[in-house]
Amino acid sequence: MLEKIGVSSVSELFADIPEQIRLYDPLNLPGPEPELDLMERFEELAGENQALNPRKSFLGAGAYLHHVPVAVDQLLLRSEFFTCYTPYQPEVSQGTLAAIYEFQTYTAALTGMEIANASMYDGASALAEAVIMSARIKKKPKVIVSGLVHPHWREVTAAYTRTLDIDLVTVDTGLERGVTDSAQLAIDDTTAAVVVQSPNFLGNIEDLREIRSACDSVGALMIVAVAEPVSLGLLKGPGHFGADVAVAEGRSFGGSLSFGGPGLGMFAVNKEYVRQMPGRLAGKTKDTQGREGYTLTLSTREQHIRREKATSNICSNQALCATAAVIHMSLLGKDGLRKLAIQNLSAAAYLSRRVTSLNGFERISGAHFFNEVAINMPVDPQVVNSRLAKEGIQGGLDLSEYYPELKSSMLFCATEMNTKKSIDQLVSVLAEFEK
């Protein structure tokens with residue numbers, strides 16, 4: 001096998017793996033044990049875990065804790081949904097295809113866009129695909145990304161585009177204002193697109209009309225990322241402000257944090273770009289007897305034929321997670337989603353008022369926010385989080401990790417999961433650090 005692929009040894013085959021992380025000795029694993037003994041051992045280990053009260057978690061930053069009705073998981077267990085592998089054969093995939101069709105409908109409605117695909121892996125990869133698509137459409141090399149886009153999403157986009165002829169330019173402006181400064185985006189005639197996030201990484205709502213105007217000055221596309229789609233229960237979708245592409249992380253609907261995954265990418269465009277959109281599209285049709293049915297109608301990627309010339313190489317979608325999102329949104333309904341968004345906004349507003357009433361605690365900016373708020377504090381965030389942990393509270397995010405200039409600053413999140421009592425308990429601990 002080595003000879004056939006043109007390498008002389010196994011070491012040469014794995015030459016790309018850094019020397020310092022290679023394993024040269026056998027894994028130090030214990031011998032086999034009876035199943036009952038093994039289960040007892042697992043239970044002992046599990047007993048060492050500390051259970052966190054979800055109402056006492058104030059960490060957001062792109063992964064938001066929401067209540068998911070028990071009906072979601074129960075309905076997912078139905079056979080027509082649970083076995084939702086790529087639905088190439090519509091005659092055996094009507095349940096999955098119908099769910100995908102509804103997911104596309106909800107995504108388009110939420111974002112205010114004309115058309116949406118069957119889902120992407122997560123919000124970050126959806127953003128990367130949007131950037132690649134914009135460069136292909138405009139045939140221009142530069143894509144400008146606001147520094148207030150989620151840092152992890154920016155890292156994923158950079159990884160996706162590093163071997164492509166795309167000049168990804170991050171513009172770190174707006175930290176003082178808390179929103180992107182469109183006048184400093186350095187847009188020129190080589191710009192294919194501008195990427196902003198709203199609500200942005202600091203939780204603030206961007207002025208998308210201002211960004212749209214800046215894009216129009218050079219004919220660039222506007223890509224809007226949404227890390228918290230619950231906000232769209234109150235805010236107008238990006239499409240209402242002229243966005244050409246809208247992407248989002250849909251895990252807030254029907255998903256769970258699950259130690260970081262899985263996510264659910266939402267991707268929507270205006271109709272003129274539908275054939276440039278990555279992924280797949282489910283459509284509604286009728287069979288020869290006039291009965292309504294669903295089928296895959298557009299697969300623009302063609303990675304199996306065009307290879308490196310393909311629109312995209314994404315070869316699947318998050319069908320089960322998308323189905324969970326559809327069920328959750330259906331249970332909420334339009335009014336329920338609005339009420340949920342109001343609960344999130346109210347919780348964050350109360351948290352902001354209570355925390356900033358403490359001496360030495362103040363918001364980074366006066367911009368409008370949704371369910372997250374960035375706070376300057378008189379003490380190191382790590383000290384604060386250590387103290388909070390002793391009270392069983394998960395604190396906020398230390399912003400200096402991503403923005404060194406924001407020393408002693410934390411990002412706190414509040415959703416419908418956080419009660420007045422839990423927020424008051426957070427504030428009582430923070431009060432120990434007043435000036």
Side-chain angles (χ1 to χ4, degrees), residues 53-76 99 102-113 116 123 197-200 202-206 208 224-241 246 248-257 263-264 266 268 321-355 367-373 411-426:
N53 184 341
R55 293 191 178 277
K56 296 183 179 182
S57 175
F58 297 92
L59 182 63
Y64 304 98
L65 189 61
H66 292 289
H67 170 68
V68 177
V70 294
V72 173
D73 280 347
Q74 286 301 307
L75 289 171
L76 278 180
E102 295 304 326
F103 172 77
Q104 293 169 175
T105 303
Y106 285 174
T107 299
L110 276 175
T111 58
M113 307 296 289
Q197 176 182 320
S198 185
N200 62 32
L202 299 183
N204 295 328
I205 300 165
E206 295 278 3
L208 297 181
V224 179
V226 181
E228 174 53 294
V230 170
S231 66
L232 298 177
L234 274 179
L235 304 176
K236 287 184 177 180
H240 295 286
F241 299 98
E249 171 55 66
R251 178 168 44 192
S252 290
F253 298 127
S256 67
L257 298 187
L264 169 62
M266 307 171 85
C321 295
T323 302
V326 167
I327 296 170
H328 192 178
M329 285 187 276
S330 297
L331 291 170
L332 284 170
K334 187 175 180 179
D335 291 339
L337 177 57
R338 179 176 174 80
K339 290 176 181 178
L340 176 62
I342 290 173
Q343 283 182 298
N344 279 249
L345 179 62
S346 299
Y350 179 71
L351 184 151
S352 178
R353 289 196 304 272
R354 292 285 282 115
V355 172
H368 297 291
F369 60 92
F370 182 62
N371 63 358
E372 290 180 280
V373 57
L411 184 66
F412 290 99
C413 175
T415 71
E416 78 280 5
M417 299 294 287
N418 301 109
T419 62
K420 179 178 181 295
K421 179 180 178 181
S422 66
I423 294 173
D424 288 342
Q425 185 178 359
L426 167 75

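- Without hydrogens or angle criteria, Ser252 side chain to Pro229 main chain gives no donor-acceptor distance under 3.5 Å.
- In this structure, the separation between CD1 on Ile327 and CZ on Phe103 is 12.5 Å, given to the nearest 0.5 Å.
- We find the NZ-CD1 distance between Lys56 and Ile423 to be 13.0 Å, quoted to the nearest 0.5 Å.
- Side-chain contact between Arg354 and Asp424 is present, with at least one heavy-atom pair separated by less than 4.5 Å.
- Listed by first and then second residue, the side-chain hydrogen bond (donor to acceptor under 3.5 Å, both in side chains) pairs involving residues 325-337 are Tyr106-Ser330 (not counting sequence neighbours).
- Of all heavy-atom pairs between Gly233 and Leu337, the closest is CA-CG, 3.7 Å.
- Taking the side chain as every heavy atom from C-beta outward, Asn418 and Leu351 never approach each other to under 4.5 Å.
- A donor-acceptor contact shorter than 3.5 Å is absent between the side chain of Thr111 and the backbone of Ala268.
- Shown here for Val68 and Gly254, the closest heavy-atom pair between the two residues is CG1-CA, 3.9 Å.
- The shortest side-chain heavy-atom distance between Phe412 and Leu426 falls under the 4.5 Å cut-off.
- Screening Leu202, Leu411, Asn204 for a side-chain contact (heavy atoms from CB on, under 4.5 Å) involving Glu372 leaves a single residue, Leu411.
- In this structure, the side chains of Arg251 and Cys321 stay at 4.5 Å or more apart for every pair of heavy atoms.
- One finds the OG atom of Ser256 at 12.5 Å from the NE2 atom of His66 (value rounded to the nearest 0.5 Å).
- Between atom CG of residue Asn344 and atom CD of residue Glu228 there is a gap of 6.0 Å, rounded to the nearest 0.5 Å.
- Counting only heavy atoms from C-beta outward, the side chains of Leu331 and Phe253 never approach each other to under 4.5 Å.
- The two residues Met113 and Ala246 come nearest to each other via the heavy atoms CG-CB, 3.9 Å.
- Pairing each heavy atom of Thr323 with each of Ala99, the nearest pair is OG1-CB, 3.6 Å.
- Looking at every heavy atom in both residues, Leu208 comes nearest to Pro238 through CD1-CA, 4.2 Å.
- Summarising the geometry, atom CD belonging to Glu102 is positioned 11.0 Å from atom OG1 belonging to Thr107; distances are rounded to the nearest 0.5 Å.
- Inter-residue side-chain proximity for Val226 and Leu235 is flagged as unmet; no heavy-atom pair is nearer than 4.5 Å.
- A heavy-atom distance below 4.5 Å is not found between the side chains of Glu249 and Tyr64.
- Between Pro199 and Ser231, the closest heavy-atom pair is CD-OG, 3.5 Å.
- Rounded to the nearest 0.5 angstrom, Ile205 CD1 and Phe369 CZ are separated by 9.0 Å.
- In this structure, Val230 and Leu340 have side chains that are in contact, with non-hydrogen atoms separated by less than 4.5 Å.
- A search for side-chain hydrogen bond (donor to acceptor under 3.5 Å, both in side chains) contacts involving Asn200 returns Glu206, not counting sequence neighbours.
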